[in-house]
Amino acid sequence: MARLQALFFGLCALNGALAQTWCGKDYTVGSPIIPPGGQFAIPATSTEPLLTFRCAPAIKPYLGEDALAPAAIIVDTLITYQQISGAASITLPSSSQLGELVVTVTANGKFLTTGVVPLNASKTELPFSLTGLQTQKAAYNVSCTAMYSPSLGAKQTFQATTALSYLPNPESGSVTKMDLRSGSLLARPANDPTGPYGTVFPLGFYTNWGGYLDTNYNFSFINDLAARGYTIVHPVPTYDNLTQLGLVVDRMAELGLYLMYDMRWDYQNATAVTEQVNMFKNRSNLLLWYTGDEPDGSGDPLNATSLAYDLIYELDGYHPVSLVLNCQDYYFEEYTSGADIVMQDTYPTGINATWSVEYHTECTPDYGCCGCDNCVGDFEDISERMDDFRVRLEALGWDRTKAVWAAPQAFGDAQFWNRVPSGKEFIVQSVLSINHGGLGIVPWNDPTTDDITNSATVLGKALPTLKSFILSPSAVYRQHTANRVDVGMWTVGTQTLVLATNLNYFNITLNLATLLLGSPQQVTEVYDSGATYANGQIQLESVGTGGFVIGL
């Protein structure tokens with residue numbers, strides 16, 4: 001089974017029948033060494049300060065039923081010295097008081113809202129009313145204008161644009177909104193189409209359909225997934241029996257499990273995309289669509305993901321679109337343009353990062369395939385990939401409108417990977433991804449080991465508490481790494497969630513007072529994968545992870 005899993009995902013040879021390249025690199029013996037190109041351009045630096053003035057709706061989409069509910073435009077006004085998208089020169093006062101901007105927002109030329117926004121701030125909300133707008137399928141073109149008048153300085157003007165989606169209520173089926181204040185998904189309960197919207201932290205495996213899901217005729221497997229605290233199921237095509245797939249999805253809905261619908265083999269076929277979207281878009285538990293499965297690795301046409309994205313939004317528009325990228329740096333902008341949610345699937349466990357055991361060649365930035373593109377074979381490959389994605393999205397001006405998820409490694413003992421991660425290693429990968437901005441965990445793949453399944457279950461049981469911090473729009477987030485201990489901290493009100501994961505294969509101690517700049521008054525452990533707390537210190541086992549809610 002492990003070999004079958006590897007053949008489905010992350011394998012250079014999947015593209016070999018057409019062209020023996022992966023991430024643009026030749027990888028077979030005797031093939032030429034040709035730089036792949038497609039690298040993301042590092043933004044130039046500026047000696048003078050620049051303002052990245054950006055705006056976005058707080059929610060995507062708003063619905064007709066939201067007409068009387070609060071709505072807002074988010075404004076970001078960060079100072080940078082990098083020439084990233086939208087950055088414009090700004091003349092700052094000589095005093096330490098930066099001042100404020102007066103921001104005016106219009107939609108299709110019609111006044112929407114105005115307000116005062118601090119300079120060098122993020123997530124400032126300008127409220128507005130939807131009652132002055134009509135619902136429509138096409139997004140409103142929103143223009144944001146900022147006037148900056150520092151003391152004794154000349155008036156400066158800055159412009160930004162965004163899209164506001166204000167859709168009619170759907171006749172049937174679910175709606176998944178994106179909360180652009182946090183990047184999280186909002187949906188009604190999968191088993192209650194009339195229930196209130198709530199945050200969804202996606203946790204669930206890519207799950208084999210053929211030979212696995214399709215053989216569980218009594219739905220015992222689906223029942224088990226729900227009992228483990230998972231929130232989604234991602235069936236892996238092809239689906240040879242759509243009637244049976246429909247029955248499985250029905251049972252998922254009954255148990256409160258959301259569907260991540262995968263059209264990887266057909267996403268470049270407009271007819272097939274149309275058929276599948278129309279078949280599933282009205283499902284009460286559809287959470288999101290999934291199109292390109294490592295399109296950067298296989299070298300799909302650079303516009304393939306955006307073409308599919310546009311078609312799906314034309315057909316549906318009520319659910320976000322996702323894909324996964326396998327390469328460290330290969331046409332990131334082009335492929336990511338076709339997604340609301342971009343996933344990374346960095347698989348560093350059990351690899352030889354410099355020599356391909358599959359193709360018997362070396363692996364370099366210009367040549368070869370070792371199962372983890374441009375990796376060194378440790379956990380930091382994952383956090384660096386997450387950070388790279390975040391930095392690129394910010395440079396492109398997409399950090400507010402696109403979210404990053406992770407596909408941790410839950411397989412091995414085949415191809416490039418000489419072993420399967422342990423349950424604790426799997427959790428290190430998952431929590432490391434969360435600590436570096438991951439808002440969904442969709443591991444490859446099920447079936448997996450009992451050790452990983454049991455570890456994922458403990459994580460699933462802790463999700464309600466964890467997500468109340470991680471997905472909160474008001475959370476103040478900090479990340480800290482020292483001595484290969486990675487810590488994420490989300491403060492909401494007077495409490496802080498601390499997620500600490502030990503990347504070392506030995507025990508280590510973490511001093512909470514140093515992290516929190518104060519002595520903790522109340523500590524509650526909410527997640528345990530080899531961690532304990534005593535006397536102001538967190539004790540982490542070898543590759544141990546712990547979650548603690550701290551009151552100061």
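Residues take their numbers from the sequence shown, with the count starting at 1.
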* Quick one: list whatever passes side chain to side chain contact (heavy atoms under 4.5 Å, CB included) with Glu254, sequence neighbours left out. => Arg251
* To do: Please examine the side chains of Tyr258 and Met252, heavy atoms only from C-beta on, and report whether any two atoms are closer than 4.5 Å.
  => no
* Verify whether the ring centers belonging to Tyr330 and Phe40 lie closer than 6.0 Å. => no
* Asked: Does a side-chain heavy-atom distance below 4.5 Å link Val420 with Asp451?
  -> no
* Asked: Hey, is Arg392 close enough to Asp399 for a salt bridge, meaning N to O under 4.0 Å?
  -> no
* What residues form a side chain to side chain contact (heavy atoms under 4.5 Å, CB included) with Asn191, not counting sequence neighbours? -> Pro189
* To do: Side-chain contact test, heavy atoms from C-beta onward, threshold under 4.5 Å: evaluate it for Pro235 versus Met260 and give yes or no.
  => no
* Using distance alone, with no hydrogens and no angle criterion, decide if Thr532 and Gln539 have a side-chain donor and acceptor under 3.5 Å apart. => no
* Mark yes or no: Lys281 above the aromatic ring of Tyr318, with NZ or CZ under 6.0 Å from the six-membered ring centre and no more than 45 degrees from the axis. => no
* Asked: Would you say Asn511 has more than 12 foreign heavy atoms packed within less than 6.0 Å of its CG?
  -> yes
* **Evaluation steps, ring pair (Phe, Tyr, Trp, His ring centres under 6.0 Å), between Phe221 and Tyr212** => CA-CA 9 Å; Phe221 178 68; Tyr212 194 52; 4.6 Å; yes
* Would you find a donor on one side and an acceptor on the other, under 3.5 Å apart, between the side chain of Lys402 and the backbone of Thr336? -> yes
* Asked: Under 6.0 Å between the ring centres of Tyr527 and Phe548?
  -> no
* To do: Using the test salt bridge (charged side-chain N to carboxylate O under 4.0 Å, His left out), find all partners of Asp300 that sit at least two apart in sequence or belong to another chain.
  => none
* Mark yes or no for whether Thr448, through its side chain, and Ala410, through its backbone, hold a donor-acceptor pair below 3.5 Å. => yes
* Side-chain touch Met263/Tyr290, heavy atoms, less than 4.5 angstrom -> no
* To do: For ring pair (Phe, Tyr, Trp, His ring centres under 6.0 Å), just list the numbers for Tyr347 and Phe416, CA-CA rounded to whole Å, side-chain angles, deciding distance to a tenth of an Å, and then say yes or no.
  => CA-CA 10 Å; Tyr347 299 143; Phe416 308 100; over 10 Å; no
* Is there a side-chain contact between Gln409 and Gln429 (heavy atoms, below 4.5 Å)? -> yes
* Hey, can you tell me if Tyr335 and Tyr331 have their rings parallel, tilted or perpendicular (30° and 60° cut-offs)? => perpendicular
* Taking the side chain as C-beta and beyond, is there a heavy-atom pair between Leu287 and Leu185 under 4.5 Å? -> yes
* Can you check whether Phe205 and Trp444 have ring centres sitting under 6.0 Å from each other? -> no
* So, do Trp22 and Asn326 sit near enough that their side-chain heavy atoms are less than 4.5 Å apart? -> yes
* Is the distance between the SG atoms of Cys369 and Cys363 less than 2.5 Å? -> no
